[in-house]
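These notes are about the structure you will find just below.
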Amino acid sequence: MECSIGWIKTRGGFLLFKSREINDRTPILFNFIKKSKDYISFEDKNVSGSWFGVNKKGIGIASAIASYRGSSKDSKCTNIDFKINKSILNKAKSVEEATQEYLKIANKDNLCNSYDIIIGDKKHANIIEILPNKTNITTYYDSVFRTTHLLNMKEYKKHRKQLDRSKAKLRKVIELTKKVKTPDDVVSILNFHHKNGLKDVRRQHYGSDVGSVSAEWKNNEVVLYHVLNK
């Protein structure tokens, strides 16, 4: 998986986005949007929880699996992100509250994966990098982006075949988002192709891009642009 996630502060609000990607061995996914009085959530019929959403308090969350693979080999290992995301969308009133909710559950030694989590509002965003029994929280006030590899805990990055592509992809996302003004602009970036495949934002090789979502929160309203189940 080589998902892209990001948060950008705007005048009076923020933009949050994610492209959801799978490898060729992953079963077909069934993404859908769920709207309630408390939140807007993007989910998968095959997985309990949410992979992206914004709630009525203006708290947005986007999650991605990171490149480190030092996780538990136990068949009972735990995937944490979808269920916690949904819990946060249901009740979190601040970035700090949502971050602490994650930390209560994240510090375990039997995680199936490592994670990059963005939790943001109109003022700032936290990136939580999660490994088994290790977490790092860094706060950003203008923008932050990830493409499924660890940046703030570099000592734990596992060098693997896809890491160079992930780094090149992150550089391209940062370059393109400098001109972003609307959520529609973000969707265009998430579909960006380059003659050099390493610089593609939308995945073409070794897997599939199955959904792109961009949300703008401003004045207690959310504007969405999304493409699902490509």
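- Remark: E43 engages S41, K86 in a side-chain hydrogen bond (donor to acceptor under 3.5 Å, both in side chains) (not counting sequence neighbours).
- Applying the salt bridge (charged side-chain N to carboxylate O under 4.0 Å, His left out) test to K9 and every residue at least two apart in sequence or in another chain returns nothing.
- Residues satisfying the side chain to side chain contact (heavy atoms under 4.5 Å, CB included) test with Y140, not counting sequence neighbours, are I127, T138, V144, R146, N152.
- The side-chain contact (heavy atoms from CB on, under 4.5 Å) test with Y102 singles out one residue from I130, T135, I137, and that residue is I130.
- Defined by atom type and a distance below 3.5 Å, a donor-acceptor pair is present between the side-chain atoms of N31 and W51.
- The side chain to side chain contact (heavy atoms under 4.5 Å, CB included) test applied to K37 returns no partner, not counting sequence neighbours.
- Shown here for A66 and D116, the closest heavy-atom pair between the two residues is CB-OD2, 3.9 Å.
- For Y115, the side-chain hydrogen bond (donor to acceptor under 3.5 Å, both in side chains) partners at least two apart in sequence or on another chain are N79.
- No salt bridge links K134 with E129; every basic N to acidic carboxylate O contact stays at or beyond 4.0 Å.
- Legend: residues meeting side-chain hydrogen bond (donor to acceptor under 3.5 Å, both in side chains) with Q100, ordered by chain and number and at least two apart, are absent.
- Annotation for I88 and N55: closest pair O-ND2, 3.7 Å, computed over non-hydrogen atoms.
- With hydrogens and angles ignored, the 3.5 Å screen pairs a side-chain donor or acceptor of S19 with a backbone N or O of S4.
- Applying the side-chain hydrogen bond (donor to acceptor under 3.5 Å, both in side chains) test to S63 and every residue at least two apart in sequence or in another chain returns D81, N85.
- With sequence neighbours excluded, no residue forms a salt bridge (charged side-chain N to carboxylate O under 4.0 Å, His left out) with K93.
- Evaluation of the salt bridge (Lys or Arg N to Asp or Glu O under 4.0 Å) test over residues 47-61, restricted to residues two or more places apart or in two chains, returns D38-K56.
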